[in-house]
Amino acid sequence: MSLFSRPETLKTVFGTLSILCSLQIATTVHAVEPAALEGVELSDQQSLVRGNGIEPSSLDPQMIETKSDGNIAIDLFEGLVTQDLDGNVIPGAAESWSVSPDSKTFTFILRDGLKWSDGSPLTTADFVYSFRRLADPKTKAPFVWYLKNSAITNASEIADGKKAPETLGVLALDDKTLQISLDKPIPYFVKMLGHFSMAPVPQNLIEQYGSDWTKVGNLVTNGAYKLKSHEPEKSIVLERNSHYWNDSETVINEVTFVPVKDATNEFTLYTEDKIDMTSTIPLDEFRSLKRKYPEQIHISPQSSVYFYYFNTRKKPFDDVRVRKALSYTINRELIAKYIMRQGQVPAYGFTPEHMSGFIKPELGYELQTRKEREDEARRLLAEAGYGKSNPLEVTISLNDLHAHTKTALAIAQMWKKELGIKVKTRRVDFKELMASTKAGNYDIARFGWVADYNDPSSMLALWLGDNDYNFSGWKSAEFDQILNDAMVTQDKQKRERMYSLAEKTVIDEMPFAPIYTYVSNRLVKTHVGGYPPNNADNVLTRNLFIIKNES
């Protein structure tokens, strides 16, 4: 994933796609499942207001980075494939596809009559342009690493400036037929195509307006919605895209995304009936809210992890003993149970256990008692040259949200009590946290990683040496080899063993401290129908509807 989105427990009907020869896929897709509307009286006013965390950094699907960006992007744009209510991969802009016997060539057939929101035709040429734009180093796309991991022919060489974008293995055979060739077979390739960065973008408008193409009046989209208005830090309003291929089955006419970075302020808007759905639930009010509004609270697991980066490019974090000492001393159970309190699970590894194709390896420090871990941490720190006479001093950088602050203060207290470490916290907004951490200007930094598709590679790929989001500076040729081999291994059991080995390899080096796995938690008004309990981290507005209020 990403520092952005993605599914919690995805169940995919295409998990074995690449080992089947000449498989043709086709299905009927409904925006709102007909069964969901049985016996439901719809409101005359089909408008929805969603809390959405921070102001999005961009509306360009190839330039966005965060979950807040992605919530909007998946309403505005649609790739070759998309997801159903349970997170299954289903046809999107492509109505069907087939794969060659060697699992290295995919042929996609676009739906008839696809159009952009301005009514102009959308063809395979738009996808070719968009994929090339993503690969082109001049674009500086945040998720170019994602394209490289897809193994599309020449993607890595293009991204590294060694080949021209025109050599990318994406070809328009005609207006409806798109061929994608891979350097090597990737078992989960089709899953990757649902990522927002793989969505089509309009070449003519980007060339005409440059970065201003995403402004109101310029932006055209191919998803269920189009941009109506945008007031920075206030609201982004989307309206139905009548040219969307499945518009007839979309119910919500207008959706407003409200950026409210503070969960308490967002909750206030919710109680005042100014928003219908929150992006999260405030920690301190969670228990009382669960008693007061049990039918409005929705909690689901995510394939994601909350962690602290260690800056391994600077002392003392270049010493694995220091990194392990800091990680071992964190009381994850206390943080999950008494600080977060919403179902978060203590994390000792990086890949969530529920992900498809993952068998968790035995992690030695997880099997120890807390006292044994703390004793080992003190020994390691002393061995690295730190103690009462030479106390370690560290700074935790975090974006200034209540949950992050509470977690950081708790961890600081643990480090001070058990290791005698002097800890400072540096609280900034998320954009500044991203910029400083990318630049390596930090000691320890709070981050989260969310899988973009249901395979361990979507988590573990963060630690590849060439991943632009591996802000730790840690690189391991051994890890890269193991993971790169795993990602192309067709034998399921062998691939699972290799993923386990990759997980153990990165944990043994501890370039980060895992803390807990996320859950998706929201307050949703009872008049909002269609909320997806099995894919709650990807809530597409096209799947929702407003129920008539009888009161």
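Using a 3.5 Å distance cut-off with no hydrogens or angles, the side chains of H354 and S303 do pair a donor with an acceptor. Using a 3.5 Å distance cut-off with no hydrogens or angles, the side chains of D455 and S458 do not pair a donor with an acceptor. Judged purely by distance below 3.5 Å, without hydrogens or angles, the side chains of R50 and N52 never pair a donor atom with an acceptor atom. No side-chain donor-acceptor contact under 3.5 Å links D60 and S58.
Not less than 6.0 angstrom separates the ring centroid of F310 from the ring centroid of W474.
Taking the six-membered ring where tryptophan is involved, the planes of Y188 and Y453 are essentially parallel, since the angle between them stays under 30° and well short of 60°. Aromatic ring orientation, H298 versus Y531: tilted (interplanar angle from 30° to 60°). Note: F471 and Y309 have tilted aromatic rings, judged against thresholds of 30 and 60 degrees for the angle between ring planes. Note: W449 and Y469 have tilted aromatic rings, judged against thresholds of 30 and 60 degrees for the angle between ring planes. Ring geometry for F143 against F196 counts as perpendicular: the plane angle is over 60°, on a 0 to 90° scale with 30° as the lower cut. A perpendicular orientation is assigned to the rings of F307 and F512, their planes being inclined by more than 60° (bins at 30° and 60°).
Between the CG atom of L147 and the CD1 atom of I152 there is a distance of 5.0 Å, given to the nearest 0.5 Å. Atom CZ of residue R497 and atom CG of residue D491 lie 6.5 Å apart, to the nearest 0.5 angstrom.
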Should D375 and K371 be marked as a salt bridge (charged side-chain N to carboxylate O under 4.0 Å, His left out) after you check the CA-CA gap, both sets of side-chain angles, and the distance that decides it?
-> CA-CA 6 Å; D375 288 344; K371 183 179 184 306; 2.9 Å; yes
Apply ring-ring contact (aromatic ring centres under 6.0 Å, His included) to H404 and Y306, showing your working.
-> CA-CA 10 Å; H404 305 325; Y306 185 100; 5.6 Å; yes
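Listed by chain and number, the residues in a salt bridge (Lys or Arg N to Asp or Glu O under 4.0 Å) with K388 amount to none (sequence neighbours excluded). For D429, the salt bridge (Lys or Arg N to Asp or Glu O under 4.0 Å) test picks out no residue, with sequence neighbours left out.
For D318 and R313, the salt-bridge test fails: no basic side-chain N is under 4.0 Å from an acidic carboxylate O.
Residues in residues 499-519 take part in these salt bridge (Lys or Arg N to Asp or Glu O under 4.0 Å) pairs, two or more places apart or across chains: R323-E509, K504-D508.
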